Amino acid sequence: MHEIVLKLVGVCRTAKLLTQLHSLTIRTGLLYDTHLAAKLTELYVELLPVHNARKLFDEIPHPSIYTCNRILQRFCGNKRYEEVLSHFSSTFLFEKPDHFTLLFVLKACSALNALNFGKTIHGLGKKHGNIDSNMFLGSGLIDMYSKCGNMDDALRTFEEYSKPDIVLWTTLVTGYEKNFKPDEALAVFTGMVMTRGVIPDPINLVTVVSACTQLLNLKAGKNIHGFLIRKGYENPLPLFNALLNLYTKTGSIEYAGSLFRIIEEKDVISWSCMISCCAHNGATDRAISLFDEMIYKGVEPNSVCMISALQACEASCNIEKGRKIHELAFQKGLERDILVSTALIDMYMSCCAPNEAIMVFDRMLNKDAVSWFTLLCGCVQNGMANKSMQIFCDMMASDIQPDATMMVKILGSCSELGVLQLTCCLHGYVIRGGFISNLFIGASLIECYAKCGSLEEAIEVFERLTDKDVVIWSSMFAGYGIHGQARESIKLFHRMVTDSTVRPNKVTFLSILAACSHAGFVEEGIEFFNMMLNEYQLMPESKHYAIIVDLLGRTGELEKAMCIINQMQSQVGPHVWGALLSACKIHQNAEIGEVAARNLLRLDPDHAGYYILLSNVYAVDGKWDDAAELRSSIKEKELKKITGQSVVKL
DNA sequence: TTAGGGTTAG
C-alpha cells in the first residue's frame, strides 16, 4: 500500500488526484510517514492555491521538522517569501526550528528587506545552538544583514566566527560591494588573503572584480586576471564576464577583446559585455557586427544585449540597423521590457526620428520616470519645444515624479531650448518638489533663466540660495556674461572673493573671461587671465586661450595673440584658431589669417565655415584669385555651410 | 530526506 501511494504521488499532476491522495493517506495513517508527508507537502505548494496548501499541510498528523522545512523550501524556491514568514510564524510557535528552517526564513527576510524579523532569527539561532559551529547559518545571517543594508551588523556577525571559511568571507565582501562600499570590500578581501588557509576561489573573485569595477581600478582587476591564469581555474565564465565588464567600464577595449577571444563557451552575458564595450568606446560598427555574429551563432538575445546593440546604433546614427533590432525585439517579445523600449526611444530620438520614438512610447504599457524623461529630452534634442512642454505636463499628470538628477538634465535641455515658459513650469516644480536648496538644480536654474532671457529670475534664484558653492557663483557670472553685463559679473566676482570662502576654479575664470569678451572688456579680461595664472595658479585650457586670443584680436594685437598660442602647453583647439582668424578678417591680416585657417582646416577639413572665413580674409586683402580658388574647392568638395537659425517663441 | 557566496542593463 505504502509503495503504491508513493508511486501515485510521484506521478500526481492534478489538484484533484492530490486531494484524493491526501484523504487516503490521512485515513490510512500513512501520513505519519515522514518521507511521504514531505513529498505530499511539495505537491500542495506546487498544485494548490496558498490557503488550500496550508490547510492540507495543517492536517498532517505530527509533521516532522523535515516535513515542515520542505514547505518553507518550496515557498522559497517559488519566491513566495511572504508565505515563508507567515508559515514560519504559525508553525514554529511551538516547534523548535533547526538550522535548515532558519536558513529558509533568512532567505525570505533578505528578499523582503525584513530586518527586524531577521534579527529575531539571529536571536533564535543563538538560543537554540552554537552559531559558531554552523557556517551555513553564518552566511545566511551576513547575507540577510547585507541585503537589508545593515553592514555594521553584518560585520559584527562575521566577527562572531573564529574561523570563517571562504564562503563567509565572500558573503561579507559581496555585502560591501552590493552596498556600494567597494573600498571596504577590497579591505576585507585583503584581510582574507592575509589569513592562512583561506584561498580565493572563482566565486570570491567575481565579487572582488565587481568592487574593482566600481572603483574603476583597472590595475587591481588585471592582477586578479593574472592570478586566475596562474591558478588555471577551469572555465570560470562568470569571472570572465565580470572582468569583461571591468574592461568595458574602464574603456580598455583591447584587454576586453583579447579576453573575449579566449572564452570558449561564451554566454549571452559575455556577448552583451563585449557589445557594450564596443558601443561605448567608439567601435560602434564592431558592436553591431558582434550582435549579428551572436544571433548567427544561435545565442538567444536578452534585453540587456538588445539595449547594448541599440546604443551602438544610437551612437553611430544607424537607424536602419536600429529598426532591424527593433523588429527582432518585437518578435522576441522584448519590446514589452521597459528598458528595451526606453533604449528604442533613445535610439530613434538620436537618429532624428522623433515620430518613431513617440510611437514606441505610446505603445508602452508601463512607463516609468526614465522613459518619460528620455522622451522629453529627445523632443528637446529634436527642437520640438511645444511637444516637450506637453510631455512634461502629461508626465506630471501621470503622477510620475522626476528626481533631482533628472531635474538637472531636464533644466539643461530646457536651457538649450530657451523657452522661458517651460523654465517657469520647471521652477515651480522644483519648489513644490523640495529641490530648491539643491545646488546642482540651483546652478541649472540660474543658467536656464539666463539663457531664456530672464536675468532677473536668475538673480533671484541666486540670491535665495544660502550656501553658494563655486558652481553657483560661476553660473551667475556666466549669466551676467550672456546678457553683456560684464561690469556686474566682475563686481560679483569681488563679492565672492571677499564675502565667501569659495575659491574660484577654471570654470569660474572661463565664465568671467567669456563675460569680458562678450562685452568687449579687453583690459579686464587680460587682468583676469593673469590672475588665474599667477594668483590662483590654475593652468588655462584651450577654451581660456580662445577667449584671450579673441580679446587681443579685438585690439588688433595679432602678433601677441600668435605668440601666446605658440607658448600654449595644452592642445590648441579649433576655437583658438577660429578666434584668431576672425580677428585677422577684421584687421585685414591675410598672413596670420592664413596660418590660422590652415590649422583650422587641418583639425576639421570638411568645415565649410572655415573655408568661407579664409576666403573673406583673402577678399579684404584684395587676393581675389585665392578667394575664388577657395570658393570653388568648397563646391568641388560639396561642402555646405549650415545656416544659422533663430527661434522666436510667440 | 533539505543548506551558504558570483557576472550584464535605460
Side-chain angles (χ1 to χ4, degrees), chain A residues 33-39 41-42 64-74 76-77 98-107 110 134-144 146-147 158 164-175 177-178 192 200-211 213 236-246 248-249 263 266-277 279-280 301-311 314 334 337-347 349 367-375 377-378 406:
Chain A
D33 178 272
T34 302
H35 183 43
L36 193 57
K39 284 278 171 204
T41 303
E42 284 179 16
S64 70
I65 188 84
Y66 170 68
T67 309
C68 295
N69 286 343
R70 285 306 268 182
I71 197 165
L72 293 181
Q73 188 205 16
R74 280 284 146 159
C76 263
D98 66 5
H99 283 154
F100 293 101
T101 319
L102 298 185
L103 268 176
F104 296 133
V105 179
L106 282 173
K107 199 169 209 174
S110 305
N134 192 314
M135 297 287 175
F136 289 84
L137 191 54
S139 56
L141 283 167
I142 296 170
D143 187 53
M144 180 275 298
S146 306
K147 291 205 171 117
F158 178 83
D165 67 358
I166 180 72
V167 179
L168 222 56
W169 281 102
T170 309
T171 316
L172 188 65
V173 177
T174 307
E177 191 266 324
K178 289 276 178 285
M192 186 196 97
D201 66 4
I203 297 181
N204 173 259
L205 293 176
V206 167
T207 294
V208 180
V209 170
S210 298
T213 307
L237 189 56
L239 181 51
F240 281 151
N241 289 344
L243 279 166
L244 271 180
N245 183 37
L246 168 71
T248 298
K249 297 284 154 60
I263 304 177
K266 304 170 179 67
D267 65 359
V268 67
I269 298 179
S270 328
W271 286 96
S272 303
C273 287
M274 198 61 224
I275 292 167
S276 166
C277 184
H280 290 109
N302 64 10
S303 51
V304 179
C305 162
M306 291 269 179
I307 291 164
S308 300
L310 285 169
Q311 286 168 344
E314 185 198 330
L334 290 172
D337 186 311
I338 198 163
L339 301 177
V340 173
S341 285
T342 308
L344 280 166
I345 295 172
D346 224 350
M347 183 273 296
M349 284 297 191
K367 296 158 175 136
D368 66 0
V370 185
S371 41
W372 279 97
F373 164 70
T374 308
L375 186 76
C377 290
M406 251 179 233

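Letters A, B, ... mirror the listed sequences (proteins, then strands); counts begin at 1. Quick caveat: nothing in here was measured; it's all calculated off a predicted structure.
Not counting sequence neighbours, the partners of A:F158 by the ring-ring contact (aromatic ring centres under 6.0 Å, His included) test are A:W169. Residues passing the salt bridge (charged side-chain N to carboxylate O under 4.0 Å, His left out) test with A:D143 are A:K147, sequence neighbours excluded.
Within the nucleic acid shown, A:N204 comes within 4.0 Å of at least one base atom, counting heavy atoms only. Across all strands, A:K39 comes closer than 4.0 Å to no nucleic acid atom at all (heavy-atom distances). Contacts of A:I345 with the nucleic acid, taken as non-hydrogen atoms under 4.0 Å apart, are absent. Heavy atoms of A:T374 sit nowhere under 4.0 angstrom from any nucleic acid atom. The residue A:D346 sits close only to the backbone: its heavy atoms come under 4.0 Å of sugar-phosphate atoms, none of a base.
The nucleotide range of DNA chain B contacted by chain A, defined by atoms under 4.0 angstrom from heavy atoms of the protein and reported 5' to 3', is B:dT1 to B:dG10.
Across A:S146 and A:T171, no two heavy atoms sit closer than the pair OG-O, 4.4 Å. The two atoms that bring A:S270 and A:L237 nearest to each other are OG-CD1, 3.7 Å, heavy atoms only. Nearest heavy atoms, A:C277 versus A:T248: CB-OG1, 3.2 Å.
A:T170 pairs in a side-chain hydrogen bond (donor to acceptor under 3.5 Å, both in side chains) with only one of the listed residues (A:T207, A:D201, A:N204), which is A:N204.
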